[in-house]
Amino acid sequence: MAVIRLLELLILMAALAGFAGLLLRRNLFLKVLAMDVLGSAVVALFVLLAARSGLRSPILPRGADPADLGRAALDLADPIPQAVILTAIVIGLSIQALLLVVITRLARIDPCLDVESFEPRQRP
Amino acid sequence: MSASLSLSSTTLVGWLLAPYLAGFAVALLPVLTAPLLLLNCLSTAVLGIWALLGGRSLPLQLVGDYGVSLSLDPLAGWFLLLAGLVCLGVGLEAWRQGWDRIGWLLLLVLLGALNISFLSTDLISLYVSLEVVAISAFLLLLKEASPDGGWIALRYLLVSNTAMALYLIGAALVYAQSGSFRFEALAELPPGAPLAFVLVGLLTKSGVFLNGLWLPRTHAEAPAEVSALLSGVVVSAGALPLLRLEQLNEAIQALIAPVGLASAALGVLYALVVSDAKRLLAWSTLAQMGLVVLSPASGGLMALSHGLAKAGLFLSARHWPGRSLQGWRDRPLAWSLQLPLWLGALSIAGLPPLLGFIAKKQLLSGLAPGPAWLLVALSIGSVAIYARLCGAPLRWSPLPPLCWGALLLALPLLLGAPVAIAAADWWSGLLQGLATLLLGGLLHLGLERLGRADRLALPQLDRLPDLLGGLGMVGAGLVVAMATSAADAINAGGH
């Protein structure tokens, strides 16, 4: 159990690092990469969550009766978080792609992609 | 439609899928655009009315116990009605602007995703539908973007996706503690980190307080039709889940209420000083969303009255002679633009007998005296905000620019009138309304005399670090509030 706690801590630190990068980096491209770090930490959190009940992939052996798995069911990973995070990975990938497309368009305004050059000058 | 009419789950699933099918059909065969859009918007609105009149909730569980859980209940009915009407109004105006097939595809996909987000009662279905809402709204923002528009759209998706990543962390923690992703599982947990993460995500989506700092600039810079969609319905996709959580657990309502009131105060304050008409409308949205999330009893009606009024105002904004509030009084407006402007403004300010008045009365009746007085003060502020827009002189012209979408959205605001007039305390309500109007007018005149733009310089709050910092600050604030209330409970138990 101690290993899981340690991994959990590492994952939350990765999420925090992603958020800090998003906040502190000035380059737009690095900001989007930092968002990806945050997203990857979330994926890792779900995978870790699924691994609490076991490490083997939750796939039934051929011909096995789902009602009578016996000892084999004991070390299977939880399929629910894995299924959920698969959707989130796809969504994350598509959003990442869309953001990168817009960034290539914005690079025509400022090739250095410094966030400050896109911010408004006027008051609220 | 009679309330006894039963609705099978197959019909419901078919209705949920219809906008997506229609969207892709429209992209392939543009001839079908008008009938399919009309059909989808009307069926959404009719289903909303049906849910409101039926008064029962119709739960639906798809793909097993851990699958998608949906619920069609009266609370969702308000939001469905709003989505149907706003998409119809925006569709009318977009038709006259000559949108291409990609625009129609995005509008229909947005409607479909909104419908699912209004019905879903588990964290993961809600996550997926909110992300589809965000992506289609982002593409709509980008479609007619000015050179500056790319940055606005990128900022929107960046903030929204960060908020949703935090929301997913919350969902994972809920599953770790209770083994389920349903709203009930979250509401039953003791308050703590899972709730804080989920709330940060949803508050960002609904544009409340510091989490909603992305909202004013995004809504103000978008093209008129997209602003109407964003301010009218897209933000309420985040508000409805908050209301559902408040319904399930009173402690969550006590946690969100101060954030909502703070949002209302912040929005009113900024809307009083900005110098741009669309920016004023957008800050007012931030204020009104704060009021929507205050109470689940009045939240639905509040969201409907605000969404209709604000979408109508944004739609008519395309025909305004200019956006600057400097010299607004010197530029006359035709009656066809004045009508939605006045109706929307008076309804948002909560004056009888419009729909906004009924919503505000319902909200006030459920509040403690302290917040109720604050709300009255905020109503006076709202009157002063909209007095800035209603000051334009009237121009008579034989062929005024007719804005059918805005008129369509403004007229339902009048439908509340018979209910308001039939109520027992109609005269006292009218007197209160007139008093609010008078005080708001005086406040407006006082601020004009002061020369607000020069003297009342507020800090600029809509740069990217502010938006992300706001997320972090509200999250930390929620955790602290929960920890102190838990400590109080332990102390009270100890004595």
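Letters A, B, ... are given to chains in the order of the sequence lines, protein chains preceding strands, and every chain is numbered from 1.
- Side-chain N/O atoms of Asp122(B) and Ser125(B) include a donor and acceptor closer than 3.5 Å.
- Of the listed residues (Ile152(B), Ile169(B), Leu166(B)), the greatest number of heavy-atom pairs within a distance under 4.5 Å of chain A belongs to Ile169(B).
- For Leu464(B), the parts sitting under 4.5 Å from any heavy atom of chain A are the backbone and the side chain alike.
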Run the side-chain contact (heavy atoms from CB on, under 4.5 Å) check on Lys205(B) and Tyr167(B) step by step: do they pass?
CA-CA 10 Å; Lys205(B) 280 288 171 183; Tyr167(B) 170 95; over 6 Å; no
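- A donor-acceptor pair under 3.5 Å is absent between the side-chain atoms of Ser178(B) and the main chain of Tyr175(B), judged by distance alone.
- With a 4.5 Å cut-off on non-hydrogen atoms, Leu28(A) touches chain B through its side chain but not through its backbone.
- The candidate with the highest count of non-hydrogen atom pairs below 4.5 Å against chain B, out of Ile85(A), Leu12(A), Val115(A), Leu22(A), is Leu22(A).
- Contacts of Leu45(A) with chain B are made by side-chain atoms alone, with heavy-atom separations under 4.5 Å and no backbone atom involved.
- Per-residue counts of heavy-atom pairs under 4.5 Å with chain B were compared for Thr87(A), Val32(A), Asp78(A); the largest is that of Asp78(A).
- Neither the backbone nor the side chain of Ala83(A) comes within contact range of chain B; no heavy atoms are under 4.5 Å apart.
- No part of Leu467(B) comes within reach of chain A, as not one of its non-hydrogen atoms sits under 4.5 angstrom from that chain.
- The backbone N or O of Ala165(B) lies less than 3.5 Å from no partner atom in the side chain of Tyr127(B), so there is not a single donor-acceptor pair.
- Looking at Leu123(B) and Val174(B), their side chains come closer than 4.5 Å, going by heavy atoms from C-beta outward.
- Two residues are said to be in side-chain contact when any heavy atoms from C-beta on lie closer than 4.5 Å; Leu189(B) and Leu195(B) fail this criterion.
- Contact annotation for Ile135(B): only side-chain heavy atoms (C-beta onward) come within less than 4.5 Å of a heavy atom of chain A.
- Using a 4.5 Å cut-off between heavy atoms, Leu49(A) touches chain B through its side chain atoms alone.
- Looking only at side-chain heavy atoms (C-beta outward), Leu139(B) and Ser136(B) stay at 4.5 Å or farther from each other.
- Among Ile11(A), Ile95(A), Leu38(A), the residue making the largest number of heavy-atom pairs under 4.5 Å with chain B is Ile95(A).
- In this structure, His219(B) has its ring center under 6.0 Å from that of Trp214(B).
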